[in-house]
Visitor: 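Before I ask anything, let me first share the structure, which is written out below as structure tokens.
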2 protein chains.
Amino acid sequence: MVEQQTPAEDPLTEILKAASDPTRRGILTLLAQAGPTRVTEIAARFDISLNAVSKHIKVLEQAGLVSRRTLWREHLIEVQMQPLVLIDQWFAALRSIWALRLEKLDDLLTKEQTDD
Amino acid sequence: MVEQQTPAEDPLTEILKAASDPTRRGILTLLAQAGPTRVTEIAARFDISLNAVSKHIKVLEQAGLVSRRTLWREHLIEVQMQPLVLIDQWFAALRSIWALRLEKLDDLLTKEQTDD
DNA sequence: TTGTTGTTCAACCATATGGATGAATTAGAT
DNA sequence: ATCTAATTCATCCATATGGTTGAACAACAA
């Protein structure tokens, strides 16, 4: 048995999905301000069950947005910023594709004008 | 009847959700390179039904990531970059919260060292 | 008129998601 | 030994999501 844990989507998709839930973004914010925090501690700040929070954390972990340091019973959860850079990169790529088209379009118009 | 169209989530959540689907990101990329494009034209590039694409476009539209110009039968879909800035802003905010904590932590350590 | 084209709408389906609750596990405290 | 604390695991539930197919509709082409 090779521990199949969902078909493994591409990283960007996982990151965006993980970030698209308000509760999860709340958890990230909390972790950013508070530093490494225990699961129970995190759960205390939200109005949902500890279990629900535990699941959210797992999603974030899967996406690489948080890491876990397990000290016996206590799991210290810590935010990881690096993966978010992938979002930036995607945005930048999209933007440059878009800019490129406008540029070409502009060239074309300029040329036509010159041809007059 | 006040046209209730789902409880209206916050914009950032809608944008991230919309962007978290690979097909939808594909559509955005296509639109960025090709400019305003008809629904049928878009659908032709993807290996799913026209209807599925139509639904994806509606999600993108809802999130403000594309706009629609309807010329009689033809609907011209165009990418809208502005909303993506909200993602950047969220990321920047998170990052600054995080940086602030590290800064404080650093101050604390420096102070202790001075106290030695 | 009668097609044909470009789209959405309406069902329907399988699977994913976010939540709840209860049990299981493991270690520290009495 | 027992109790309590910190977590995850296992179920279960309702709703959302992404996809399909078939119908409806409006406008251009024959």
Side-chain angles (χ1 to χ4, degrees), chain A residues 1 3-10 13-28 30-31 34 36-63 65-78, chain B residues 1 3-10 13-28 30-31 34 36-63 65-78:
Chain A
M1 273 302 176
E3 272 305 334
Q4 174 83 345
Q5 40 190 142
T6 1
E9 295 179 287
D10 73 293
T13 299
E14 266 194 8
I15 292 167
L16 286 167
K17 263 192 198 158
S20 74
D21 182 274
T23 303
R24 286 196 287 265
R25 284 201 307 280
I27 292 175
L28 292 178
L30 171 61
L31 291 175
T37 307
R38 282 179 306 118
V39 177
T40 316
E41 185 75 21
I42 297 171
R45 311 304 197 84
F46 296 89
D47 205 24
I48 54 179
S49 74
L50 171 64
N51 279 10
V53 170
S54 174
K55 283 210 281 183
H56 279 307
I57 292 175
K58 228 175 307 169
V59 173
L60 290 169
E61 202 181 2
Q62 186 82 8
L65 290 173
V66 305
S67 61
R68 182 189 302 254
R69 220 175 329 142
T70 305
L71 304 176
W72 305 114
R73 304 192 294 179
E74 304 190 349
H75 296 205
L76 283 185
I77 310 299
E78 184 169 16
Chain B
M1 273 302 178
E3 273 305 333
Q4 174 81 347
Q5 42 189 141
T6 1
E9 295 178 286
D10 73 294
T13 298
E14 266 193 9
I15 293 168
L16 285 167
K17 264 194 196 155
S20 74
D21 182 273
T23 304
R24 284 194 289 262
R25 284 201 305 281
I27 293 175
L28 291 179
L30 170 61
L31 291 176
T37 308
R38 281 179 307 117
V39 176
T40 316
E41 185 75 20
I42 297 172
R45 312 302 198 84
F46 295 89
D47 206 23
I48 55 180
S49 73
L50 170 64
N51 279 8
V53 170
S54 173
K55 284 212 278 184
H56 278 308
I57 292 175
K58 228 176 305 170
V59 173
L60 291 170
E61 202 180 2
Q62 186 83 9
L65 290 173
V66 305
S67 61
R68 182 190 302 254
R69 220 176 331 144
T70 304
L71 303 177
W72 303 115
R73 307 192 291 177
E74 305 190 349
H75 297 203
L76 282 184
I77 311 297
E78 183 168 20

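In what follows, chains are A, B, ... by sequence order, proteins preceding strands, each numbered from 1.
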Visitor: May I ask you to verify if any side-chain N or O of A:Ser54 is less than 4.0 angstrom from the OP1 or OP2 atom of D:dT7?
Guide: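 Negative; the distance criterion is not met.
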Visitor: Does A:Glu61 or B:Ile48 map to a spot on DNA chain D nearer the 5' end, using the closest nucleotide for each?
Guide: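 Result of the comparison: A:Glu61.
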Visitor: In whole angstrom, what separates A:Ile77's CD1 from D:dA6's P?
Guide: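 After rounding, the gap between these two atoms is 14 Å.
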Visitor: Please determine which of A:Arg38, A:Arg68, A:Arg69 meets the side-chain hydrogen bond (donor to acceptor under 3.5 Å, both in side chains) test together with A:His75.
Guide: A:Arg68
Visitor: Under 4.0 Å: is that the gap between some side-chain N or O of B:Arg38 and OP1 or OP2 of C:dG6?
Guide: yes
Visitor: Report yes if at least one side-chain N or O of A:His56 is closer than 4.0 Å to OP1 or OP2 of C:dG18; otherwise report no.
Guide: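 False: A:His56 side-chain N/O out of range (4.0 Å or more) of C:dG18 OP1/OP2.
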Visitor: Is any side-chain heavy atom of B:Thr13 closer than 4.5 Å to one of A:Arg25?
Guide: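 A side-chain contact under 4.5 Å exists here.
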Visitor: Between B:Arg68 (CZ) and C:dT7 (P), how many Å, whole number?
Guide: 9 Å
Visitor: Atom NZ of A:Lys55 and atom C1' of C:dA16: how far apart are they, to the nearest Å?
Guide: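 Rounding to the nearest Å, NZ of A:Lys55 and C1' of C:dA16 are 11 Å apart.
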Visitor: Roughly, in whole Å, what's the span from CG in B:Leu50 to C1' in D:dA23?
Guide: 14 Å
Visitor: Among A:Asp21, A:Ile15, A:Leu16, find the one that has a side chain to side chain contact (heavy atoms under 4.5 Å, CB included) with B:Ser20.
Guide: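 Running side chain to side chain contact (heavy atoms under 4.5 Å, CB included) over A:Asp21, A:Ile15, A:Leu16 with B:Ser20 returns exactly one hit, A:Leu16.
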Visitor: Could you tell me whether A:Asp21 contacts a base, only the sugar-phosphate backbone, or nothing, with contacts defined as non-hydrogen atoms closer than 4.0 Å?
Guide: sugar-phosphate
Visitor: Atom CZ of B:Phe46 and atom C1' of D:dG18: how far apart are they, to the nearest Å?
Guide: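 Whole-Å distance recorded here is 14 Å.
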Visitor: Could you tell me the separation between the CD atom of A:Glu74 and the P atom of D:dT7, rounded to a whole number of Å?
Guide: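 Rounded to whole Å, this separation is 6 Å.
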Visitor: Has B:His75 got a side-chain N or O lying under 4.0 Å from the OP1 or OP2 atom of C:dG6?
Guide: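 Looking at the OP1 and OP2 atoms of C:dG6, neither is under 4.0 Å from any side-chain N or O of B:His75.
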Visitor: Compare side-chain N and O positions of B:Arg73 against OP1 and OP2 of D:dC25 and report whether any pair is under 4.0 Å apart.
Guide: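 So the side-chain polar atoms of B:Arg73 never come under 4.0 Å of the phosphate oxygens OP1 or OP2 of D:dC25.
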Visitor: A:Glu41 CD to D:dA6 C1': how many Å, rounded?
Guide: 12 Å
Visitor: Which atom pair, heavy atoms only, marks the closest approach of B:Leu50 to B:Thr40?
Guide: CD1-CA, 4.1 Å
Visitor: Within the pair B:Thr40 and C:dT5, is there a side-chain N or O less than 4.0 Å away from OP1 or OP2?
Guide: no
Visitor: Round to a whole Å and report the spacing from CD1 of B:Ile57 to P of C:dT8.
Guide: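 Nearest whole value for this atom pair: 7 Å.
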Visitor: Report yes or no: is there a donor-acceptor pair, N or O only, under 3.5 Å between the side chain of A:Asn51 and the base of C:dT21?
Guide: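 Indeed, a donor on one side and an acceptor on the other fall under 3.5 Å apart.
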Visitor: Using every non-hydrogen atom in the two residues, find where B:Phe46 and B:Ile27 come nearest and quote the distance to one decimal.
Guide: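 Answer, listing the atom of B:Phe46 first, then B:Ile27: CZ-N, 3.6 Å.
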Visitor: Which part of the nucleic acid, if any, lies within reach of B:Lys58 when heavy atoms closer than 4.0 Å are counted: base, sugar-phosphate only, or nothing?
Guide: sugar-phosphate
Visitor: Reckon B:Ser49 has a side-chain N or O less than 4.0 Å from the OP1 or OP2 of D:dG19?
Guide: no
